[in-house]
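Okay, so here's the structure we're looking at.
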Amino acid sequence: EAQVTQNPRYLITVTGKKLTVTCSQNMNHEYMSWYRQDPGLGLRQIYYSMNVEVTDKGDVPEGYKVSRKEKRNFPLILESPSPNQTSLYFCASKTWGEETQYFGPGTRLLVL
Amino acid sequence: GDSVTQMEGPVTLSEEAFLTINCTYTATGYPSLFWYVQYPGEGLQLLLKATKADDKGSNKGFEATYRKETTSFHLEKGSVQVSDSAVYFCALSDFNDYKLSFGAGTTVTVRA
């Protein structure tokens, strides 16, 4: 089944404790992206990647890192999480020439 | 930059009522337009899309027409069901961009 998977689905952590949210897709998509969803703000892009070893900032990149060492994986790293990063995070992917993005199930993060 | 404005919710309806969610956009190019739906506890699913002016997207009884003259992409369904209760997001993608720009989302609740 074609899908985007994220892990974990739910995470509670404390301020300053480094964490990684994994994202994997099995559709051989070149493009991958991370969004955060906050009430009243919709989804905002954090980082995106056009292919392996190619990443760039989105609209709200502060406090986040990403890497793209393999085509299928695009982890989101919070090196020192803060409470304002409490949010619902979505990974998405698409292939070139296609505008539709496919979303993962989301990761709900609470930073205390 | 590109932006999307959609009507604020929440919207509460009775079964078999008519649903309209307004969406207008601002874009410098010729964007593609999307409606995504998020059912309770789930990720985002593409509901429908339109890639050029006057195109009509449709799926699951929902329709939206790309109106370039009014920069709008309003979502409609003639007879809603309880299972249509969800958050609906209007979004646009400019082919030269590498992201989706989302509206704030509209929460729809359908009562039996």
Side-chain angles (χ1 to χ4, degrees), chain A residues 2-10 21 23-25 27 29-51 54-61 66 68 74 87-108, chain B residues 1-10 21-27 29-52 55 57 59 64 66 73 75 86-107:
Chain A
Q3 59 182 346
V4 179
T5 57
Q6 295 178 226
N7 284 292
R9 294 288 312 277
Y10 304 92
V21 183
C23 172
S24 183
Q25 50 92 7
M27 295 171 278
H29 286 168
E30 295 83 10
Y31 172 94
M32 297 184 75
S33 182
W34 277 103
Y35 295 84
R36 61 178 287 174
Q37 180 185 352
D38 300 292
L41 298 177
L43 279 78
R44 294 175 292 166
Q45 190 183 52
I46 303 170
Y47 269 94
Y48 65 92
S49 169
M50 292 190 286
N51 215 323
V54 181
T55 63
D56 208 346
K57 296 176 181 178
D59 295 324
V60 288
V66 293
R68 188 92 181 272
F74 190 45
S87 188
L88 179 57
Y89 292 87
F90 287 102
C91 182
S93 71
K94 76 180 186 78
T95 193
W96 286 123
E98 171 61 52
E99 289 162 320
T100 302
Q101 293 193 28
Y102 297 88
F103 284 81
T107 295
R108 189 168 291 280
Chain B
D2 296 347
S3 66
V4 175
T5 303
Q6 62 182 102
M7 64 182 280
E8 293 185 16
I21 305 176
N22 290 338
C23 171
T24 58
Y25 67 90
T26 303
Y30 300 93
S32 293
L33 301 174
F34 305 83
W35 278 100
Y36 278 85
V37 59
Q38 184 179 31
Y39 297 105
E42 298 185 14
L44 273 75
Q45 302 175 23
L46 178 66
L47 182 58
L48 53 86
K49 69 176 183 180
T51 58
K52 61 183 188 296
D55 269 2
N59 186 27
Y66 189 143
F73 192 54
L75 182 69
V87 182
Y88 293 83
F89 292 95
C90 185
L92 71 81
S93 172
D94 188 314
F95 196 72
N96 292 321
D97 265 349
Y98 302 108
K99 70 177 181 183
L100 287 166
S101 296
F102 284 87
T106 302
T107 300

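So that the names make sense, note that chain A is the first sequence line, chain B the second, and so on, each numbered from 1.
- No more than 12 heavy atoms of other residues, nucleotides or ligands shown are found within 6.0 angstrom of CD on B/E8.
- Residue contact with chain B, scored on non-hydrogen atoms closer than 4.5 Å, is absent for A/R44.
- Proximity to chain B is limited to the side chain of A/D59, based on heavy atoms less than 4.5 angstrom apart.
- Side-chain contact between A/K94 and B/L100 is absent, with no heavy atoms from C-beta onward closer than 4.5 Å.
- Using a 4.5 Å cut-off between heavy atoms, A/L41 contacts chain B through its backbone alone, with no side-chain atom that close.
- Nearest heavy atom pair, residue A/G40 against residue B/A104, reads O-CB, 3.4 Å.
- For A/Y35, the ring pair (Phe, Tyr, Trp, His ring centres under 6.0 Å) partners two or more places apart in sequence, or in a different chain, are A/F103, B/F102.
- Chain A forms the most heavy-atom pairs under 4.5 Å with one residue out of B/G9, B/G105, B/G43, and that residue is B/G43.
- Using a 4.5 Å cut-off between heavy atoms, A/Q6 does not touch chain B at all.
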Take B/Q38 and A/L88, measure what side-chain contact (heavy atoms from CB on, under 4.5 Å) needs, and give me the verdict at the end. CA-CA 12 Å; B/Q38 184 179 31; A/L88 179 57; 3.7 Å; yes
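- Atom-to-atom distance recorded for B/K99:NZ and A/Y47:OH is 14.5 Å, nearest 0.5 angstrom.
- Looking at A/Q101, both its backbone and its side chain come within 4.5 Å of chain B, counting heavy atoms on both sides.
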